[in-house]
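Note on naming: letters A, B, ... go to the chains in the order of the sequence lines (proteins, then strands), and numbering restarts at 1 for each one. Just the heavy atoms: all of them, side chains too, but no hydrogens, waters or symmetry mates, feed the values below.
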2 protein chains.
Amino acid sequence: MVNTPARRGGLRELTRRAVQAEIASTAMELFLEQGFEETTVDQIAAAVGMSGRSVFRYFATKEDMVLGEMRAIGDDLAAALQRRPASEEPWEALRRALDEPLAALDSDGGKALARATMLSTTPALRAAQQQKHAQWHELLIPVLAPRLKGPSSTRELRAHAIVSAALSCLDVAVDEWTRSGGTKPLDRLLDSAIQAVRS
Amino acid sequence: MVNTPARRGGLRELTRRAVQAEIASTAMELFLEQGFEETTVDQIAAAVGMSGRSVFRYFATKEDMVLGEMRAIGDDLAAALQRRPASEEPWEALRRALDEPLAALDSDGGKALARATMLSTTPALRAAQQQKHAQWHELLIPVLAPRLKGPSSTRELRAHAIVSAALSCLDVAVDEWTRSGGTKPLDRLLDSAIQAVRS
DNA sequence: TTATAGTTGTCAGTGACTGACACACTAGGA
DNA sequence: TCCTAGTGTGTCAGTCACTGACAACTATAA
């Protein structure tokens, strides 16, 4: 029931998304106020005005209330990579595909920063985020692999390596951005990280 | 109590390590037999002949029964990197430092492979492993950073990026090794991954 | 109006983990 | 020899994330 997609655009799906957003936003308020671990699911449920059981009908885990949107971002990322010209080198294409999600972080300023800080200081969230990145990984592989030249026997492996390294660079850059309180420009940080890795 | 180091070599510490090893080995048997999630801590406790509560006095989490030794491997890895000649480039030094832990995996054949397979198919273990890698990361940064040339303002960031990418390559290589049933040579896989990332 | 499908609350239960407490064993000093 | 401090252990009660089952409700479709 948590994974009910239904027909897109249907009324049911619409209200479902609305409730989901309501829960997520209420949860985030509480998390930022008193911490992720310190906030109980029942507490969130009470704040939204529903039973704890029902909250779990909208989010499979407590972590998903924070990271739920990451699946969609992964889809966008894969689509953006797909759109990159075939002439671009793998690294360059990946870097450019990251432009949009990066800008989204940098622009909405305070909100994203608070979120990132919580993410970097809560081990449970870190772990869940890594799982989401693993999903991104799986989405990106089939899009990146065709761009790779060289022996096909190692193509998959090399695609995995590059995607994995790129996402690592993203993590490192976002971490540094978070530590700097959002002052350092995220795109420059990512460029430095990638350049260092390819040195 | 879980983190009691005591004085090294003392009798207490010795018996503690013995009990710990006993629990870990019994747990691993059960995990391989019936799966990680399907095995209860109480079940492990019963098999070892102690109470569930006491098991948690030796391992903070169920995952640690599988991954407990990773902290020590991280220490070894950092020490190995420290020992590499200063003339070596960062990537080369990291690659060489990984030789020993890599060989350990490749040599003991079946055991490590079964473990790696379980690790790659159990999300909870994957997540815990990533946390251990984050610890490795922290250990490696101060050892690698001094090797980096270039502006000191971005030295930390670049160190983070390279270490993170290297550990990603390790993950990718081990995954492929696992998928191949341990047939493909691990060192070659790692070399390919690193070369792809630096391309 | 009625069948149907989806949503909800309640309740009972599992399993990882924690704190508190009382008890047992062991080594060292008086 | 007795006493004491340190340490390991079982038991018990409790928290919290999460799940399955069921009955009640509601909105829509025929």
ring-ring contact (aromatic ring centres under 6.0 Å, His included) filter on B:W91, not counting sequence neighbours, yields none

Margin query: Regarding D:dG10, can its base be found pairing with the side chain of B:R57 as donor and acceptor, where the two atoms are less than 3.5 Å apart?
Written below: yes

A:M50 atom CE is separated from D:dC25 atom P, nearest whole Å, by 18 Å

Separation of D:dC18 atom P from A:M65 atom CE, nearest Å, is 8 Å

No-H, no-angle donor-acceptor pair, A:R16 side chain to C:dG6 base, under 3.5 Å: no

note: B:F59, atom CZ; C:dG15, atom P; distance rounded to Å ~ 21 Å

Indicate whether OP1 or OP2 belonging to D:dT7 is found under 4.0 Å from a side-chain N or O atom of B:Y58. no

Side chains of A:S168 and B:S168: any donor to acceptor distance under 3.5 Å? yes

Regarding the side chain of A:S54, the nearest nucleotide among C:dC17, C:dT8, D:dG8 is C:dT8

Of C:dC17, D:dT9, D:dC18, the nucleotide closest to the side chain of B:K62 is C:dC17

Here the distance between atom C1' of C:dT18 and atom CD of A:E37, to the nearest Å, is 14 Å

*State, with a plain yes or no, whether a side-chain heavy atom of B:F31 is found less than 4.5 Å away from one of B:K62.*
yes

Check: With a non-hydrogen cut-off below 4.0 angstrom, is A:S51 in contact with a base, only sugar-phosphate, or nothing?
Finding: base

Atom CD of B:E38 and atom C1' of C:dT14 are separated, to the nearest Å, by 14 Å

Ranking C:dT10, C:dC17, D:dT11 by distance to the side chain of B:E63, first place goes to C:dC17

Side chain proximity check, B:V55 to B:M65, heavy atoms < 4.5 angstrom: yes

- When you check the side-chain N and O atoms of A:E63 and A:Q129, is any donor under 3.5 Å from an acceptor? no

From CZ of B:F36 across to C1' of C:dG15 the rounded distance in Å is 12 Å

Side-chain atoms of B:R53 come closest, of D:dC12, D:dA21, D:dC18, to D:dC12

Rounded to whole Å, the CZ-P distance (B:R17 to D:dG8) equals 13 Å

Using a heavy-atom cut-off of under 4.0 Å over every strand shown, decide if A:T15 touches base, sugar-phosphate, or nothing.
-> nothing

When rounded to whole Å, the CG to P distance for the pair A:D64 and D:dC18 reads 9 Å

Out of C:dG9, D:dC18, C:dT8, minimum distance to the side chain of A:F56 belongs to D:dC18

